[in-house]
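One structure is given here, and the rest of the page talks about it.
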Amino acid sequence: MPWWTSLLFLAISVMLWMSGRKNPDDVIGLLERLLAALLIVVVVLVSQNLLLESVALVAALRLPLASRSNH
């Protein structure tokens with residue numbers, strides 16, 4: 001995938017995310033945010049751009065750990 005296509009898809013995903021946050025309907029807003037997240041995943045995984053993959057890896061590693069409760 002060319003770099004300009006990746007940038008275009010990232011711009012569309014940002015617009016979808018912002019639109020989803022502003023939407024008064026919760027269901028449509030959630031759908032727009034899910035589509036934005038899916039588009040970002042497609043760009044990161046399909047474009048084979050090492051910089052984007054590295055940023056996604058760092059973001060995933062910085063996620064908080066889930067606590068395990070022993071019952």
Side-chain angles (χ1 to χ4, degrees):
M1 179 180 313
W3 63 269
W4 58 269
T5 307
S6 298
L7 289 178
L8 178 68
F9 285 164
L10 286 175
I12 291 171
S13 66
V14 167
M15 289 189 310
L16 270 172
W17 187 267
M18 298 308 288
S19 174
R21 289 187 58 184
K22 293 178 188 173
N23 200 328
D25 187 5
D26 291 340
V27 175
I28 299 300
L30 178 63
L31 178 63
E32 288 175 338
R33 288 183 297 208
L34 285 173
L35 287 173
L38 180 65
L39 193 55
I40 289 173
V41 168
V42 166
V43 167
V44 169
L45 296 179
V46 174
S47 71
Q48 301 295 321
N49 188 336
L50 186 59
L51 178 65
L52 290 175
E53 290 174 357
S54 301
V55 169
L57 178 62
V58 168
L61 290 175
R62 293 191 47 93
L63 289 174
L65 294 175
S67 63
R68 295 181 183 223
S69 60
N70 295 331
H71 293 277

Clusters formed by hydrophobic residues whose side-chain heavy atoms approach within less than 4.5 Å: which one holds Leu34, and what are its other members?
Leu30
Among Val43, Leu39, Thr5, whose side-chain contact (heavy atoms from CB on, under 4.5 Å) with Leu10 holds?
Val43
Val46 reachable from Phe9 in the ILVMFWY side-chain graph, under 4.5 Å edges
yes
Looking at residues at least two apart in the chain, or sitting in another chain, which of them share a side chain to side chain contact (heavy atoms under 4.5 Å, CB included) with Leu35?
Leu16, Leu31
Sequence neighbours left out, what pairs pass side-chain hydrogen bond (donor to acceptor under 3.5 Å, both in side chains) with at least one residue falling in residues 13-24?
Ser19-Glu32
With hydrophobic residues grouped by side-chain heavy-atom distances under 4.5 Å, do Leu8 and Ile40 end up in a single group?
yes
Sequence-distant partners of Val14, side chain to side chain contact (heavy atoms under 4.5 Å, CB included), two or more places apart
Met18
